[in-house]
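Would you mind keeping the following structure in view while I ask a few things?
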Number of protein chains: 2
Amino acid sequence: MMDNKKIEKISRALSDASRIAILQQFKKKKDCLYCAEVNDLLDLTQPSISHHLKQLVDAELLLPQKEGRNLKYVLNHQVLDEYISSLNTLKD
Amino acid sequence: MMDNKKIEKISRALSDASRIAILQQFKKKKDCLYCAEVNDLLDLTQPSISHHLKQLVDAELLLPQKEGRNLKYVLNHQVLDEYISSLNTLKD
DNA sequence: TTCAAATATTTAAATGTTTCAATATATACA
DNA sequence: TGTATATATTGAAACATTTAAATATTTGAA
């Protein structure tokens, strides 16, 4: 089971409109999303987006995969499932 | 389905160690928790705890019920379920 | 090797959060 | 009614987050 520090970190990663939008983009883009596509999606500068992606990666919600000069992200289903399970245990 | 602003607000409410501890206390205290019990639980001043409880109430994770001078909280299972459902939709 | 493209880091400003001390409000009880 | 108890609000300090500008790093391609 996920510890409280991890729950806190994932919750914080989810507590921002830009980062929620990034995660939802995976619905449209199948399983992977390129960094450049996130830059197109959000009306923010490149360093800001890099910062948001870093937080999602630090929370392990996203797994980064380098592809030459580009960076591809995949959604970490396992961590998302564990987070959801942790929330479910709050319901007794 | 829950909108993104609501997901953001609930996530933020969950992104703090004290507030996670409060929610977990419902496991031990059945369905309801008194404000005074939260004061015993956390090593924070009364105003700080009041502030944390307010955020959980604002996010509708907790429902406050006045009982004379005291205040009782119940966990809002429906909102928690809707939040969890919203997270589940991230998994395609 | 040099240049251009993709991403990351640093710095600083603006804003938001957490906390406590002091104070206010509401309500039960003597 | 007056007093004590429970909770909320205000104000300020400390700290964290978000953002953009400037710059650095990495890597592919000419």
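Protein chains get the first letters and strands the later ones, always in sequence-line order, with residue 1 at the start of each.
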Legend entry - CA sep, side-chain torsions, deciding dist, call: B:R12, A:D16, salt bridge (Lys or Arg N to Asp or Glu O under 4.0 Å): CA-CA 8 Å; B:R12 188 169 299 279; A:D16 177 275; 5.4 Å; no
Inset, instruction - Check whether any side-chain N or O of A:Q55 sits under 4.0 Å from OP1 or OP2 of D:dT18, and answer yes or no. - result: yes
Legend entry - Distance-only polar pair, side chains of B:S86 and B:T89, donor-acceptor under 3.5 Å: no
N/O contacts under 3.5 Å, protein versus nucleotides 3-10 of chain C?
{"residue": "C:dA5", "atom": "O4'", "partner": "A:R69", "partner atom": "NH1", "Å": "3.3"}
{"residue": "C:dA6", "atom": "O3'", "partner": "A:R69", "partner atom": "O", "Å": "3.3"}
{"residue": "C:dA6", "atom": "O3'", "partner": "A:N70", "partner atom": "OD1", "Å": "3.4"}
{"residue": "C:dT7", "atom": "OP1", "partner": "A:L71", "partner atom": "N", "Å": "2.9"}
{"residue": "C:dT7", "atom": "OP2", "partner": "A:A36", "partner atom": "N", "Å": "3.4"}
{"residue": "C:dA8", "atom": "OP2", "partner": "A:S50", "partner atom": "OG", "Å": "3.1"}
{"residue": "C:dA8", "atom": "N7", "partner": "A:Q46", "partner atom": "NE2", "Å": "2.6"}
{"residue": "C:dA8", "atom": "N6", "partner": "A:Q46", "partner atom": "OE1", "Å": "2.9"}

Inset, instruction - Give a yes/no on whether any side-chain N or O of B:H52 is located under 4.0 angstrom from OP1 or OP2 of C:dT17. - result: no
Inset, instruction - Using a 4.0 Å heavy-atom cut-off across all strands, classify B:I49 as base, sugar-phosphate, or nothing. - result: nothing
Legend entry - Heavy-atom pair of closest approach, residues B:L80 and A:L87: CD2-O, 4.0 Å
Inset, instruction - Provide, to the nearest angstrom, the distance between the CG atom belonging to B:D16 and the C1' atom belonging to C:dT17. - result: 9 Å
Inset, instruction - Can you see which heavy atom on B:V79 is nearest to which on B:A59, and at what distance? - result: CG1-O, 4.0 Å
Legend entry - B:E8 CD to D:dT18 P, straight-line distance once rounded to whole Å: 9 Å
Legend entry - Non-hydrogen side-chain atoms of B:Y73 and B:L63 separated by less than 4.5 Å: no
Inset, instruction - Evaluate the salt bridge (Lys or Arg N to Asp or Glu O under 4.0 Å) criterion for residues A:E60 and A:K6: first the C-alpha distance (whole Å), next the side-chain angles of each, then the deciding distance (0.1 Å), finally the verdict. - result: CA-CA 10 Å; A:E60 295 180 285; A:K6 185 76 186 174; 2.5 Å; yes
Legend entry - Between P of C:dT18 and CG of B:L14, the distance in whole Å: 12 Å
